[in-house]
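The structure presented is a predicted model; accordingly, all values stated were derived computationally and were not measured.
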Amino acid sequence: SSQKDSLLLGSLKYFEYSPYLELMEISGFRMLTKYSLRDDYLPDNGFMTKESNSKSLLIDLNYSGIREVNTNLVFTLRHKTYDEVFKQKGFLDNETIIKRTRTKFIFWDRLLNGDFYYEVSTQKSAKLQKVFVGVEQGTGNYIYLGDLNENGIADENEYQLSLFDGDYIQVTLPTDELYPVIDLKTSTRWKINFAELVDVKTLLGKIVSPISTETFWRIEEITRDSVYSNVYLLKLSTFQNQNTTIRGSNYLQQDFFLFENDQELSFRFRFTQRRALNEFSSGYEQIYNRERSLRIKFKMVKEISNQTDIVNQIENVSAPVNSNRSRQISSNNLTSEFSYRPDKNIEVGFRIKVGNSEDTYPDIPTIIDMNSQLLRFNLSFLGTGRLRIEIERNELIANTKENFIPYELTNGNQIGKNYY
């Protein structure tokens with residue numbers, strides 16, 4: 001009984017039977033197939049009561065018969081039915097189908113290598129809502145500005161990001177309504193080393209060998225689309241659709257390297273782009289990010305090195321009208337950092353940064369000019385610990401004080417001079 005029994009709400013009991021058949025290896029091919037039966041029990045009024053019955057089928061295939069390709073494919077089918085007592089509490093029968101594959105490639109003696117990941121599953125998901133929870137002052141990252149529209153409700157746009165004195169945190173919780181959805185995660189990465197393509201002793205080899213490239217592409221989509229082939233076959237034109245998408249993201253990163261592993265001098269050219277669509281209970285939020293950057297690393301003398309970054313960024317967010325997250329930010333920044341190592345356990349660093357950011361979302365655009373200086377000192381105690389001291393100054397100059405300034409535009413700094 002609830003007064004006397006020692007059975008806690010967190011208790012559980014289950015019986016699981018999982019016979020399997022495994023093919024160890026034939027010409028680099030291995031296979032495992034497993035069938036599983038499981039009964040779950042949970043506490044109900046002080047007694048262990050049968051909660052559900054699950055049936056699962058798993059097929060795991062692996063192939064590594066040739067040096068160039070190593071691949072793994074997993075297929076899982078799971079059907080779960082709840083007992084009538086738990087159905088009355090809102091639990092619903094469900095079926096989950098998961099397909100997952102991982103493949104690694106190495107071609108032409110490491111000239112081209114890469115990997116491919118693909119996972120798709122069917123499940124039930126819910127719309128998300130943003131909830132702000134009060135915490136001790138200084139431990140949160142939001143502050144409450146008050147009932148600005150005097151409607152007696154703490155709306156999302158009445159909370160503002162804060163770097164130090166925040167007393168609220170934001171959590172994302174699912175709503176009560178569940179939808180059958182398809183969850184897709186897929187990515188691929190490819191790297192090309194041109195030094196493996198040519199003879200480095202020839203003139204062409206000396207020109208081409210310092211070049212290498214890396215490409216990374218990731219797609220994530222949780223959707224209510226009833227045409228499953230759109231998801232399984234990666235029909236991108238159907239992704240990030242406000243009629244079906246719950247959460248979706250498409251991210252591309254392209255890097256070009258010159259002298260990638262050279263400690264004396266190296267260059268990295270980077271292009272990244274991300275498009276995303278998220279559904280919340282208050283509406284949809286659409287995101288576009290782009291970065292174009294150049295990184296130069298060189299060693300001036302043995303003890304002194306420098307890293308310089310030139311970055312152009314765009315960050316556009318279209319959010320519901322009851323949110324203050326909408327923005328259209330473009331920025332350009334130049335950062336140069338010097339590092340001095342007189343001893344392997346001591347490092348002294350100096351960083352300077354100048355930049356300009358503009359938010360064109362307001363009727364009168366917000367323009368901020370920024371300059372920053374940082375001095376740091378690191379002392380390592382071998383095998384024991386490390387002492388790190390930093391002094392930083394940031395100065396932000398805005399063209400207007402009338403507009404709402406997004407947190408992302410200032411990186412949490414205040415207009416004026418900031419010392420850390």
Run through Leu61, Leu57, Leu58, Asp60 and flag the one making a side-chain contact (heavy atoms from CB on, under 4.5 Å) with Thr33. Leu57
Strictly below 4.0 Å, N to O, side chains only: are [X] and [Y] in salt-bridge contact?
X	Y	answer
Glu22	Lys34	no
Glu347	Arg386	no
Glu315	Arg327	yes
Glu220	Arg247	no
Arg341	Asp343	no

When you compare the side chain of [Y] with that of [X], does any pair of heavy atoms fall below 4.5 Å?
X	Y	result
Phe216	Ser187	yes
Ile98	Val120	no
Asp309	Ser293	no
Asn241	Thr238	no
Tyr82	Val85	no
Asp359	Gln328	yes
Phe86	Lys50	no
Thr76	Ile97	no

Can you establish whether the number of heavy atoms outside [X] located under 6.0 Å from its atom [atom1] is more than 12?
X	atom1	answer
Lys353	NZ	no
Lys55	NZ	no
Phe29	CZ	yes
Lys417	NZ	no
Glu264	CD	yes
Leu387	CG	yes

Verdict with supporting geometry, Ile211 and Ile192, side-chain contact (heavy atoms from CB on, under 4.5 Å): CA-CA 9 Å; Ile211 303 174; Ile192 303 176; over 6 Å; no
Could you state the interatomic distance from [atom1] ([X]) to [atom2] ([Y]), rounded to the nearest 0.5 Å?
X	Y	atom1	atom2	value
Gln170	Asn141	CD	CG	8.0 Å
Phe298	Ser266	CZ	OG	10.5 Å
Asn230	Ser237	CG	OG	7.0 Å
Phe239	Thr244	CZ	OG1	9.5 Å
Ser331	Glu358	OG	CD	10.5 Å
Ser121	Asp183	OG	CG	4.5 Å

Could you label the plane-to-plane angle of the Phe259 and Phe267 rings as parallel, tilted or perpendicular, counting under 30° as parallel and over 60° as perpendicular? tilted
Aromatic rings Phe15 and Tyr41: how do their planes relate, parallel, tilted or perpendicular, breaks at 30° and 60°? perpendicular
For the pair Lys297 and Ser305, evaluate side-chain contact (heavy atoms from CB on, under 4.5 Å) and give the outcome as yes or no after the intermediate values. CA-CA 7 Å; Lys297 298 175 71 174; Ser305 60; over 6 Å; no
Can you see which heavy atom on [X] is nearest to which on [Y], and at what distance?
X	Y	result
Leu42	Ser11	CD2-O, 3.8 Å
Ile329	Asn316	N-OD1, 3.7 Å
Pro365	Thr360	CB-CA, 4.1 Å

Considering residues at least two apart in sequence or located in another chain, which fulfil the side chain to side chain contact (heavy atoms under 4.5 Å, CB included) criterion with Arg30? Glu25, Asn62
Polar contact flag, side-chain donor to acceptor under 3.5 angstrom, Thr103-Thr71: yes
Can you confirm whether the side chains of Thr366 and Asn403 place a donor and an acceptor under 3.5 Å from each other? yes
Picking from Tyr142, Tyr168, Tyr407, what satisfies ring-ring contact (aromatic ring centres under 6.0 Å, His included) with Tyr159? Tyr168
Looking at Tyr232, is Lys99 sitting on its ring face, NZ or CZ under 6.0 Å from the six-membered ring centre and within 45 degrees of the normal? yes
Does NZ or CZ of Lys104 lie under 6.0 Å from the centre of the six-membered ring of Phe116, at an angle within 45° of the ring axis? no
Step-by-step salt bridge (charged side-chain N to carboxylate O under 4.0 Å, His left out) determination, Arg102 to Asp115: CA-CA 7 Å; Arg102 294 186 180 91; Asp115 56 65; over 6 Å; no
Run the side-chain donor-acceptor check on residues 388-396: report pairs under 3.5 Å with partners two or more places apart or on a different chain.
unit_1, atom_1, unit_2, atom_2, d
Arg388, NE, Glu390, OE2, 3.1
Arg388, NH2, Glu390, OE2, 2.5
Glu392, OE2, Arg351, NH2, 3.2
Glu392, OE2, Asn394, ND2, 3.2
Arg393, NH1, Asn371, OD1, 3.0
Arg393, NH1, Gln373, OE1, 3.1
Arg393, NH2, Glu395, OE1, 2.8
Asn394, OD1, Ser372, OG, 2.5
Asn394, ND2, Asn413, OD1, 3.4
Glu395, OE1, Asn371, ND2, 3.3

Output, in order, the C-alpha distance, side-chain angles, deciding distance and verdict of ring-ring contact (aromatic ring centres under 6.0 Å, His included) for Trp190 and Phe105. CA-CA 9 Å; Trp190 293 92; Phe105 305 94; 5.3 Å; yes
Under 3.5 Å, which donor-acceptor pairs do the side chains of residues 270-277 form with other protein atoms, sequence neighbours left out?
unit_1, atom_1, unit_2, atom_2, d
Arg270, NE, Asp255, OD1, 2.8
Arg270, NH2, Asp255, OD2, 3.0
Gln273, OE1, Tyr288, OH, 3.1

